[in-house]
Trainee: 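Below is one structure. I have some questions about it.
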There are 2 protein chains.
Amino acid sequence: MRMAAKDLRVSHSTVSRRIEALEGKLGARLFDRLPEGYKLTPAGIDLLPISQELRSQVDAYSLKVLGRDTELEGQICVTMPDVIAVEVMMPYIAEFQSLYPAITVRIDDSYEVYDLNRREADIAFRFTNEPPEHLIGRRVATAYEAVYGHKDYVTQHDPNAQTSTARWVGWGLPEDNPEWITNSPFPNLKMACHLNNPLLQKQAVTRQMGLGYLPCAIMDNEPDLVRLTDPTPVRDVWVLTHRDLRDTARLRVFREFIFSKAAELTVRFRGT
Amino acid sequence: MRMAAKDLRVSHSTVSRRIEALEGKLGARLFDRLPEGYKLTPAGIDLLPISQELRSQVDAYSLKVLGRDTELEGQICVTMPDVIAVEVMMPYIAEFQSLYPAITVRIDDSYEVYDLNRREADIAFRFTNEPPEHLIGRRVATAYEAVYGHKDYVTQHDPNAQTSTARWVGWGLPEDNPEWITNSPFPNLKMACHLNNPLLQKQAVTRQMGLGYLPCAIMDNEPDLVRLTDPTPVRDVWVLTHRDLRDTARLRVFREFIFSKAAELTVRFRGT
DNA sequence: TCATACTGGTGCATATATGCACCAGTGGGA
DNA sequence: TCCCACTGGTGCATATATGCACCAGTATGA
């Protein structure tokens with residue numbers, strides 16, 4: 001019993017009490033206490049192969065589970081605004097996938113506040129200055145925005161002119177005198193159209209329908225667009241997950257991959 | 001997780017912590033915590049048959065060991081409806097204990113169908129006309145019921161009157177036009193209250209809140225109560241145990257003791 | 001015969017598990 | 001929309017398990 005205690009890394013008194021407790025529950029003695037040590041009773045002898053089998057099954061499962069957790073395979077679900085998915089992240093997703101071909105990345109392109117509590121997604125990209133406290137993650141960049149216009153459009157419609165014919169490409173209705181216009185250098189321009197989606201807004205600006213106040217990360221890759229103001233930090237970009245998922249291997253490597261791109265993303269979101 | 005805690009007879013917070021501790025040891029999540037409850041993960045699904053098999057092996061061994069036990073000492077666990085425990089059986093339990101002071105009797109007063117396979121109880125008192133086939137035992141009495149009322153109450157509220165003001169003490173909601181009222185001599189009386197527990201119903205009848213249709217075994221010992229109908233046999237009283245435990249000495253002597261009281265119990269349950 | 005090295009058992013202080021009471025969140029029904 | 005009945009989670013007091021230090025008994029070797 002003293003040697004068993006050493007194997008189990010507990011005190012011999014603990015082993016003694018555990019055996020006594022088990023015997024009480026079973027209503028049977030498992031060992032005779034002899035001066036030379038514990039000796040199995042017939043009931044104890046019967047229990048021996050059973051307990052060995054139980055132990056084997058538990059160990060096998062434990063190994064299986066441990067193996068699975070470290071396996072880099074399976075699906076991960078990432079939610080992010082579609083504009084970010086299309087304009088910024090697809091090259092990175094592709095690179096990650098080539099690095100870990102057994103991992104399937106599913107992008108849920110949405111602005112909706114997905115509930116990570118409900119496993120609607122495993123990882124969320126969030127543009128916020130106040131990330132939810134129940135999620136864990138890291139800020140990977142700060143999103144900057146600026147006023148953009150097509151180079152030909154701003155030549156024909158000088159927004160600085162006294163009675164400028166330039167117009168805004170705006171967001172959804174109703175949006176009278178929004179702050180981003182009031183605080184811009186061209187607060188008196190009229191609205192050309194209202195579009196809910198930054199991708200559509202980028203298309204509109206590119207097609208010379210007006211000026212847009214949009215993220216640098218999505219606008220700077222269009223050579224015909226020119227920036228009319230200096231970039232301004234608007235909100236942080238977070239990569240978040242639920243704390244219960246922090247040890248899941250494939251999620252961890254994905255997050256670490258994204259974190260390894262933080263320098264590039266910082267530059268990208270700040271504008272060049 | 002809350003229902004599991006009830007089954008295990010521990011606090012739900014204990015179950016929560018045990019699961020968390022097990023997940024920590026395994027390094028794997030066994031459950032997703034959703035707002036509507038715990039949901040097995042793939043690792044948890046894999047563990048389910050293993051843990052069920054482990055449990056079966058432990059229970060089988062436990063039954064085998066207990067079945068072999070020849071000593072007249074230790075604990076026996078008896079489950080019976082609390083109303084029967086309180087009103088009928090306590091004197092017999094006390095007598096048994098004085099006969100076998102080395103045996104500890106634990107009464108689980110419950111109506112729930114205990115799982116004798118799982119050692120949730122060793123002996124069960126059951127009021128049924130169809131005892132489970134996998135249990136062995138003997139019918140020790142037949143329970144008779146009758147309509148009772150307080151003698152003063154039935155003087156003031158003649159239930160036979162044309163427009164009687166007497167009322168029923170009934171069971172839990174919803175219970176519209178139950179058979180036991182429809183088939184009684186006073187089917188048109190109104191309900192005074194709804195009570196789930198025969199002990200409470202007895203109290204209500206004794207306190208002149210109404211009439212009750214209740215077992216003679218619990219009502220005849222109250223001198224102020226009068227019987228308004230002849231007793232009717234309702235169901236049999238069985239004393240049951242698991243077949244693997246039929247040779248366990250202390251369970252055997254307990255059952256034999258109860259069987260030796262069958263004549264008394266028969267009279268008691270029939271009403272006097 | 002005595003000293004030493006083992007054994008199993010236990011009192012007591014401490015570490016850990018548990019239950020209680022409460023919290024916040026969610027869904028359904030009125 | 002609000003109330004109620006559920007869910008999972010947690011702080012704190014208490015119950016229980018554990019480790020330490022010690023005990024008594026036994027066997028062996030000098």
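Each chain gets a letter, A, B and so on, in the order the sequences are listed, and its residues count up from 1.
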Trainee: In this structure, how many angstroms lie between the P atom of D:dG8 and the CG atom of B:L30, rounded?
Mentor: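 Spelled out: CG on B:L30 to P on D:dG8 is 15 Å.
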Trainee: Would you indicate whether A:R33, at its atom CZ, is surrounded by more than 12 heavy atoms from other residues, nucleotides or ligands within a distance under 6.0 Å?
Mentor: yes
Trainee: Round to a whole Å and report the spacing from NZ of A:K6 to C1' of C:dT7.
Mentor: 12 Å
Trainee: Nearest to the side chain of B:M1 - D:dG8, C:dT26, D:dT26?
Mentor: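 Side chain of B:M1 sits closest to D:dG8.
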Trainee: Using whole Å, what does the distance between atom P of nucleotide D:dG25 and atom OH of A:Y38 come to?
Mentor: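 Computing the A:Y38:OH to D:dG25:P distance gives 17 Å.
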Trainee: Could you tell me the separation between the CD atom of B:E23 and the P atom of D:dG8, rounded to a whole number of Å?
Mentor: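 Interatomic distance, CD of B:E23 to P of D:dG8: 13 Å.
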Trainee: Decide yes or no for A:M80 and A:V88: does some side-chain heavy atom of the first lie under 4.5 Å from some side-chain heavy atom of the second?
Mentor: no
Trainee: If you pin A:P35 and A:E20 to their nearest nucleotides in DNA chain C, which one's is more 5'?
Mentor: A:P35
Trainee: Give the rounded distance in Å between these two atoms: CG of A:L34 and P of D:dG25.
Mentor: 17 Å
Trainee: What does the B/S/- profile of nucleotides 13-21 of chain D look like, 5' to 3', with a 4.0 Å heavy-atom cutoff to protein?
Mentor: -----BBBB
Trainee: Taking the six-membered ring of A:F259, is NZ or CZ of A:R138 closer than 6.0 Å to its centre and within 45° of its axis?
Mentor: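 Judged by the rule (NZ or CZ under 6.0 Å from the ring centre, within 45° of its axis), A:R138 counts as positioned above A:F259.
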Trainee: Between A:S51 (side chain) and A:L47 (backbone), is there a donor-acceptor pair under 3.5 Å?
Mentor: yes
Trainee: Measure the shortest side-chain to side-chain distance between B:W238 and B:L135 over non-hydrogen atoms and say whether it is less than 4.5 angstrom.
Mentor: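 Answer no - side chains too far apart.
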Trainee: Go through the steps for B:I258 and B:F125 under the test side-chain contact (heavy atoms from CB on, under 4.5 Å), then give the verdict.
Mentor: CA-CA 11 Å; B:I258 298 296; B:F125 282 65; 4.1 Å; yes
Trainee: What's the CZ-C1' distance between A:R29 and C:dG8, to the nearest Å?
Mentor: 12 Å
Trainee: For A:E36 and D:dT28, give me the distance from atom CD to atom C1', rounded to whole Å.
Mentor: 14 Å
